[in-house]
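We count ligands from 1, going down the list as the structure has it; atoms in each ligand are counted the same way.
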Amino acid sequence: MPPFPALTVVTPMAKLTGSKKATQFTESVIREMTRLSQQYSAVNLSQGFPDFPAPDFVKEAAIAAIRAEVNQYAVTWGARRLREAIAQQFTARHGVPVSPDEQVTVCCGATEAMMATMMALIDPGDEVIVFEPFYENYGPDAILSGATPRYVTLREPASEAERREWTLDPDELAAAFNARTKAIILNTPNNPTGKVFTREELESIAALCRKWDVVAISDEIYEHIVFDGWRHVPIAAIEGMADRTVTINSLSKTYSVTGWRVGWTISPPALTGAIRKVHDFLTVGAPAPLQEAGVVALSVAPTYYAELARAYERRRNRLLEILERHHFTCFTPRGAYYVMTDIGAFGASDDIEFARYLVRDVGVAAVPGSSFYRHPAHGWTKLRFCFCKSEPTFDEADRRLAKLVPHPVH
Ligand code: PLP
């Protein structure tokens, strides 16, 4: 006699499905392009990570921290020294007082910082305003936190004369706010457009936030990567906004360490507790030795940031020159490290097909424009390239793109 009675196996599989939330968004197109790029040994100008080394002083600091046995959990909301460095730098740069104890939470990258903030602030049914084209994470962030997204479109430069600037329609912006609006997500300098929001634009957004009692969640991960004499203005520095802004940033782009996963929020004290609770139960904390290295990174001399911006401006100019010579119409970015392009010259009207052709047959990976829009059709003639790459990578991309021929005009 067996010790237990035989079980009757019932095999319905209805519960073996993803949640409704998880079925509302697709896998990341950007990360899929990186996988295809590896599969076809393509030059990867899709996902935004540098192919050049991280600075030695930052790497040495991480190695030293590991050797010094900073290998166990840090304080959940971030090592005190890092929170102090973040607060000091923000105050010194932007003149906004920040308390490391009451306002700074260190997370696993800006990605977790955004998700933890949204989950901490949003109730189902709350509306969240998102500018499009948008960084693709904001859509799933809104769904996972139960938000109802309201989109405001950044108008693409229409003519040769105004080719550079993406603009905001003040009436469309104002119409997006109502009593259900809980937050607005901003990203400046902007991925994918390269737009740097002007002080005037931020003031008009701030006025609406104050009028409708709305929180600004501002992703400023490219704050140091600005060109042509443009300046990054954080919305927290606009009058009346420090108390209603969550500023999100990270080590990823500024110090070329996207794999480290160290980011942070600077929030009004009234919101910090909620963000810290969500962060704690999502991840417990960011990598402890890399937080120590973050302290060293943030104390670097200001010349580091000036050189970072100059080096990216050179890379931007190189990529623009290559893409334009190979018949892409480019929207010149003012900041961040991406170029949005129009692929109309190739007679292409399906960005995904064109991106697949480019990665498979030409050997260059880029991101289909539709992944940045709520209505994919708005991005069907667009492709995004990144320029956080080294000279040999640009040389190789240039060589491969020579295979492309423009569509004959009839
Ligand atoms: N926010 C924006 C606008 C980005 O472009 C990216 C990465 O490309 C991230 C956040 C991700 O940041 P992190 O690596 O700190 O999670």
Colleague: Check for a donor-acceptor pair, side chain of E136 on one end and backbone N or O of V29 on the other, with a separation under 3.5 Å.
Modeller: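 Between the backbone of V29 and the side chain of E136 there is a qualifying donor-acceptor contact (under 3.5 Å).
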
Colleague: Around ligand 1, what residues show up once you keep those with a heavy atom under 4.0 Å from it?
Modeller: G109, A110, T111, Y135, Y138, N187, N191, D219, I221, Y222, S250, S252, K253, R261, Y338

Colleague: Which ring pair (Phe, Tyr, Trp, His ring centres under 6.0 Å) pairs, counting each pair once, include a residue from residues 23-70, with sequence neighbours left out?
Modeller: F57-Y304

Colleague: Look at D280 together with K277 and state whether they make a salt bridge at an N to O cut-off of under 4.0 Å.
Modeller: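 No.
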
Colleague: Can you check side-chain hydrogen bond (donor to acceptor under 3.5 Å, both in side chains) on N44 and T34, steps first, answer last?
Modeller: CA-CA 7 Å; N44 189 359; T34 286; 3.2 Å; yes

Colleague: By side-chain hydrogen bond (donor to acceptor under 3.5 Å, both in side chains), which residues pair with E69, not counting sequence neighbours?
Modeller: N71

Colleague: Mind checking what makes side-chain contact (heavy atoms from CB on, under 4.5 Å) contact with P376, not counting sequence neighbours?
Modeller: S370, W380

